[in-house]
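Working notes, structure below.
Labels below follow one simple rule: chain letters A, B, ... track the order of the sequence lines, proteins then strands, and each chain is numbered from 1. Treat the numbers as computed from the prediction; the structure is a model and nothing was measured.
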There are 2 protein chains.
Amino acid sequence: MSSVKAVAKEAGVSTATVSRFLNTPELLTEKTRIKVTAAIKATGYSMNSLARNFRRGKSNTIVVVMPSIGVPHFGSVMKGIETVASEKGFSIMIIDTQFNTLPADKMAGMFFSNQADGIILLGSSSPFKHALSHASSPEKHPPIIVSCENATPEIIDFPSVRIDNRAASIAATNHLISLGHIRVAFISGSLSTGVSGERESGYRLAMNEHNLDTCEDLISDGNLTIEDGRRLTRRLLNQNQRPTAILCANDEMALGAIYEIKNYGLKVPEDVSVIGFDDIRYAEISDPPLTTIAQPGEEIGEKTMYQLCNVIEGSKIDSTPVIVPHQLIIRSSTAAPQTK
Amino acid sequence: MSSVKAVAKEAGVSTATVSRFLNTPELLTEKTRIKVTAAIKATGYSMNSLARNFRRGKSNTIVVVMPSIGVPHFGSVMKGIETVASEKGFSIMIIDTQFNTLPADKMAGMFFSNQADGIILLGSSSPFKHALSHASSPEKHPPIIVSCENATPEIIDFPSVRIDNRAASIAATNHLISLGHIRVAFISGSLSTGVSGERESGYRLAMNEHNLDTCEDLISDGNLTIEDGRRLTRRLLNQNQRPTAILCANDEMALGAIYEIKNYGLKVPEDVSVIGFDDIRYAEISDPPLTTIAQPGEEIGEKTMYQLCNVIEGSKIDSTPVIVPHQLIIRSSTAAPQTK
DNA sequence: CTGTTAGCGCGTTCAA
DNA sequence: TTGAACGCGCTAACAG
């Protein structure tokens, strides 16, 4: 309620002095500092950050756009983002796109109205196709960093932090091939776009490399959810020639796949091997424990936020992606195919 | 960049008219509206919401304080919160307390500086003990609603939305007892506080009701994480007299428990029954599928946000908790104890 | 229905 | 080292 003016009056100084006390106390006399300190306490003053943000022209807030809260992998990344954000004094505003069902216009406004000093696109891209073209001048939006997402055309110019999804997918596929699998299926989130597209591409590359078939029966498309993992797996199992291994675009799908395979009366990994992506915390305690590609989530989050801070502070950053290392974690959901 | 002033000049009207166009267009002539629309397009105008928020004295932002992003159950609740928030024009700022490791002072500032129009404490409470007492006058913070958390002393005066945790826990415990279990263990997140405390209390009540033992060996304390579910379960299994059933304070702990029991060479539910809380999406695909208490997460989120809106709009709301229904979902992780 | 005027609370000149 | 004065962009109050 009380403002600098009230504090100034109480302390018998000018508002400018109070302002300086708040921002650059080292410029004040010890004596004035004491007076102002007392006055602040006496009046119960607390900053109106609305006014400060307005005056400074920045919000000290960064916006994270993500497909869904409650996804374990993004939880790890957020932890890293938050660590750095809090260190640098930024608050975090989250926009949950509910797996991209949120209309783009809803967001467009906020990005062009000083509400955010920076934006992180966490596993997201599409919301911006519209928003960016909607703006008259492209200079107007705050800095944007892409995290955990591969370059699709609309975001290719932004700096990004991620693993090498194609290489990771090749490693995963090769692991299955080296175990002796011939019929390897791939189930994916939205094919041919972003992360899933890269992972699919890696899968195809590795399969072709070994002259293995990648006919359309083996490749299917869904969302990165348990539900779709289950649905696509059921379809796979009902085919004439079942795959002996399934590579899933993330762990949630893989966990759904394992459930359906067992439910179908088959065994993992004896009848069908399953491999996922992300190494979420549920992967290790799955039955059988899930073989997967681990990503350093927190590290990705931290690097993303550091990148963003750099851009906000004015550094020019080229848009070459920052690649962090992935790691194939071999557990028990993969094994050599059963010889019939 | 361009402001209402520029638009006003371009359109040949006053800034007030531009402002009205933005906020109450129905008060304007069709003709003026057209002129202003054109001018806005011509100048590439976009609102400075920092200025608007400042002028209006509100941020149109609500803050959600939660223990961790990436927890499935809170994800559901957030979905409900977001639905209503977006409908009402609020942005959401999230503070992740990393399971309460975040120092309270870090947050205190923002709650007393107009940065938030309202606050939701989602499964959280403690951060405020300090923050509230720290403020000179208790009137100064924005409205607060508690979601998914039982009244601990420091937050008992705030309105809240949740299930009846004690009744739910009684239902879960009775389910085990009716199956014939005598030695039922309870593993918990931070005992004797909030949700876990209520759940423990329900457990004790049900056990006592049936004259069953609840000695200290059977009750253990941890965080609501997979890790602690595993750790506490291992301890339980190594006791002389093993429990035949374990009631866990949430599903993550329960999933960890199941893993450890199987890992120990025992079977679920034949040797040990396990029951959880929340019905997160991983519960259904667990092996065996997890018996649990389901909470209507989205509904809780929606009701919480509606409550908050009401308070923000000035309604007096009493602090009687809004109780939403829970439901015992019986799957396959519970069964009668094996007769030896 | 529209224009004029004033000021939200702060940070930043410029002088003293 | 401190104070006086101004203005950020917007909206509210009051006239017209």
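In this entry the distance linking NZ of A:K9 with C1' of D:dG3 reads 17 Å, nearest Å. Nucleotide D:dT11 holds its P atom 14 Å from the CG atom of B:L27, rounded to whole Å. A straight line from CZ of B:R33 to P of C:dC1 spans 9 Å, rounded to a whole angstrom.
For B:F54, the ring pair (Phe, Tyr, Trp, His ring centres under 6.0 Å) partners at least two apart in sequence or on another chain are A:F54. By the side-chain contact (heavy atoms from CB on, under 4.5 Å) test, A:T29 pairs with A:K31, A:T32, sequence neighbours left out. With sequence neighbours excluded, the residues satisfying side-chain contact (heavy atoms from CB on, under 4.5 Å) with B:I323 are B:R162, B:D164, B:P321.
Of the candidates D:dT1, D:dG3, C:dT4, D:dG3 carries the atom nearest the A:V13 side chain, counting heavy atoms from C-beta on.
An end-to-end axis angle of 30° holds for the helix from C:dC1-D:dG16 to C:dA16-D:dT1, taken from five base pairs per end and rounded to 10°.
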Under 4.0 Å protein heavy-atom contacts per nucleotide of nucleotides 10-16 of chain C, with B for base, S for backbone only and - for none: BBBB---
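A 4.5 Å side-chain heavy-atom check between B:T61 and A:M93 finds at least one atom pair inside the cut-off. A:P143 is listed as a side-chain neighbour of A:L308, based on a closest heavy-atom distance under 4.5 Å.
Every pair passing salt bridge (Lys or Arg N to Asp or Glu O under 4.0 Å) that includes a residue from residues 65-80 of chain B is listed here, sequence neighbours excluded: B:K79-B:E298.
At the heavy-atom level, B:L50 lies nowhere under 4.0 Å from the strands shown.
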